[in-house]
Amino acid sequence: MPEGHTLHRLAGELTTVFGGHQVQVGSPQGRFADSAAHLDGTRLLDAEAWGKQLFVRFEGERFVHVHLGLYGTFEVRADVPEIPLPIGQVRLRLARPGAYGDLRGATTCALVTAAERAAVVAKAGPDPLRADADPDRAWARISRSSAPIGTLLMDQTVLAGVGNVYRAEVLFRHRIHPLRPGRTLRVSQWRAIWDDLVVLMAEGVRSGRIDTVRPEHTPEAMGRAPRVDDHGGEVYVYRRTGQPCHVCGGAVRTEVLGGRNLFWCPRCQPTFRSRAAR
DNA sequence: AGTTGATGGAGAG
DNA sequence: TCTCCCTCAACTA
């Protein structure tokens, strides 16, 4: 489930499990073999996330830059009696006695310098999961753009860490139509979205899933059956095409925007046109 | 056994 | 805007 919360959670896990340890670094699949050989047996210092980018720092100012992409996973296991043989396509394996981590399916897994890391970080917009993030930087872009707010929220140079689930859900929670141009939002609406993302994503880091449904709309509160699918936590509209909205009962709609699926409730999230006409 | 789709993004045209 | 890449589970047949 790689949105920003997944990477921040992973950074914490890697730091806790491997920070300060000398680690075995390998690439059972082979595609990271040369770089792994350079790092093998050296000390892993810590890991840090910027939006969806993850950097694992080794002694000597060397970093492994990881981006999970659409379906990458990084499975970290501690307190195992024995390190198991790798299963499937394991691009990167970190191991020390009693613990290991397996990276699969990532779009990026590369050994980079501090300068290369800094260049990636410099391109990223503010990350709601970082205490030093400045939401005004994102607003400067959004307030001047005619692009849909749904596109802007997913643009990692505008805002770092939001993916398709948080996009759909935060727009629902603020009753904003995803196709509304960024420049038609009021600054108060943007601040509310940002503050909400800070809370929602921090909760995602803690729980490891994406839950966005307010207490008054949960299955228990509404007397409906709990969700049975497995793509995250309890949500309002994400991948609920055609199903009844948890708030108004209308059918959730979908549309492809920029190659990604958009989900919204037409009644709870009126278009900017109909809003202006009222 | 083969096809599809997914919480992402780069690069081509 | 389209195509491609990475992996694997969940479909269809």
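Here the structure is a predicted model, which is why all the values come from computation and not from measurement.
Among pairs with a residue in residues 18-43 of chain A, none fulfils salt bridge (Lys or Arg N to Asp or Glu O under 4.0 Å), at least two apart in sequence or across chains. Applying the ring-ring contact (aromatic ring centres under 6.0 Å, His included) test to every pair with at least one member in residues 195-227 of chain A, sequence neighbours left out, gives these pairs: A:His217-A:Tyr236. Sorted by first and then second residue, the pairs that involve residues 150-159 of chain A and meet salt bridge (Lys or Arg N to Asp or Glu O under 4.0 Å), not counting sequence neighbours, are A:Arg141-A:Asp155. Applying the salt bridge (Lys or Arg N to Asp or Glu O under 4.0 Å) rule to pairs touching residues 187-202 of chain A yields A:Asp136-A:Arg191, A:Arg173-A:Asp196, sequence neighbours excluded. Within the structure, salt bridge (Lys or Arg N to Asp or Glu O under 4.0 Å) pairs that include any residue of residues 111-124 of chain A comprise A:Glu48-A:Arg117 (at least two apart or interchain). Applying the side chain to side chain donor-acceptor pair (under 3.5 Å) test to pairs two or more places apart or on separate chains, those with a residue in residues 247-266 of chain A are A:His177-A:Trp264.
A salt bridge does not link A:Arg167 to A:Glu169: none of the charged side-chain nitrogens sits closer than 4.0 Å to a carboxylate oxygen. Between A:Glu234 and A:Arg209 no salt bridge is recorded (no basic side-chain N to carboxylate O distance below 4.0 Å). A:Arg57 has a carboxylate O that lies under 4.0 Å from a charged side-chain N of A:Glu61, or vice versa, which qualifies the two as a salt bridge.
The interatomic distance linking A:Leu68 (CG) with C:dC8 (C1') rounds to 15 Å, in whole Å. With rounding to whole Å, A:Lys123 atom NZ is found 11 Å from B:dG9 atom C1'. The interatomic distance linking A:Met201 (CE) with B:dT7 (P) rounds to 15 Å, in whole Å. Distance, A:Trp50 CH2 to B:dG9 C1': 20 Å, rounded to whole Å. Between A:Leu10 atom CG and B:dG8 atom C1' there is a gap of 16 Å when expressed in whole angstrom units. Rounded to an integer number of Å, the gap from CD of A:Gln29 to P of C:dC5 is 15 Å. Taking atom NE2 of residue A:His65 and atom C1' of nucleotide B:dA10, one finds them 13 Å apart after rounding to whole Å.
Taking the ring-ring contact (aromatic ring centres under 6.0 Å, His included) definition, one finds that A:His65 meets it with A:Phe55, sequence neighbours left out.
The number of heavy-atom neighbours closer than 6.0 Å to CZ of A:Arg96, taken from other residues, nucleotides and ligands shown, is above 12.
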Result block: side-chain N/O donor-acceptor pairs under 3.5 angstrom for residues 78-87 of chain A, not counting sequence neighbours:
none

Next on the checklist: If you apply the rule side chain to side chain donor-acceptor pair (under 3.5 Å), what do you find for A:Arg91 with A:Gln29, and how did you get there?
Outcome noted: CA-CA 5 Å; A:Arg91 180 88 54 85; A:Gln29 175 208 51; 3.1 Å; yes
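Taking atom P in both B:dG13 and C:dC5, the straight-line distance is 14 Å, to the nearest Å. The separation of B:dT7 from C:dT1, taken at their C1' atoms, amounts to 22 Å, rounded to a whole angstrom.
Between A:Lys52 and B:dT7, a side-chain N or O to OP1/OP2 separation shorter than 4.0 Å is absent. A:His67 has a side-chain polar atom (N or O) that falls below the 4.0 Å cut-off from OP1 or OP2 of B:dG9.
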N/O-N/O pairs, protein side and nucleotides 3-6 of chain B side, under 3.5 Å:
unit_1: B:dA6; atom_1: OP2; unit_2: A:Asn261; atom_2: ND2; d: 3.4
unit_1: B:dA6; atom_1: O3'; unit_2: A:Tyr238; atom_2: OH; d: 3.3

For nucleotides 2-4 of chain C, tabulate all protein N/O to nucleotide N/O atom pairs closer than 3.5 Å, reporting atom names and distance.
none

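Taking a 4.0 Å limit (strictly below) on heavy-atom distances, residues 99-108 of chain A reaches DNA chain B at A:Thr107. Listed in residue order, the members of residues 146-159 of chain A having a heavy atom less than 4.0 Å from DNA chain B are A:Met154, A:Gln156.
Note that A:Arg93 lies in the cation-pi zone of A:Tyr100, set by a 6.0 Å cut-off to the ring centre and a 45° limit from the axis.
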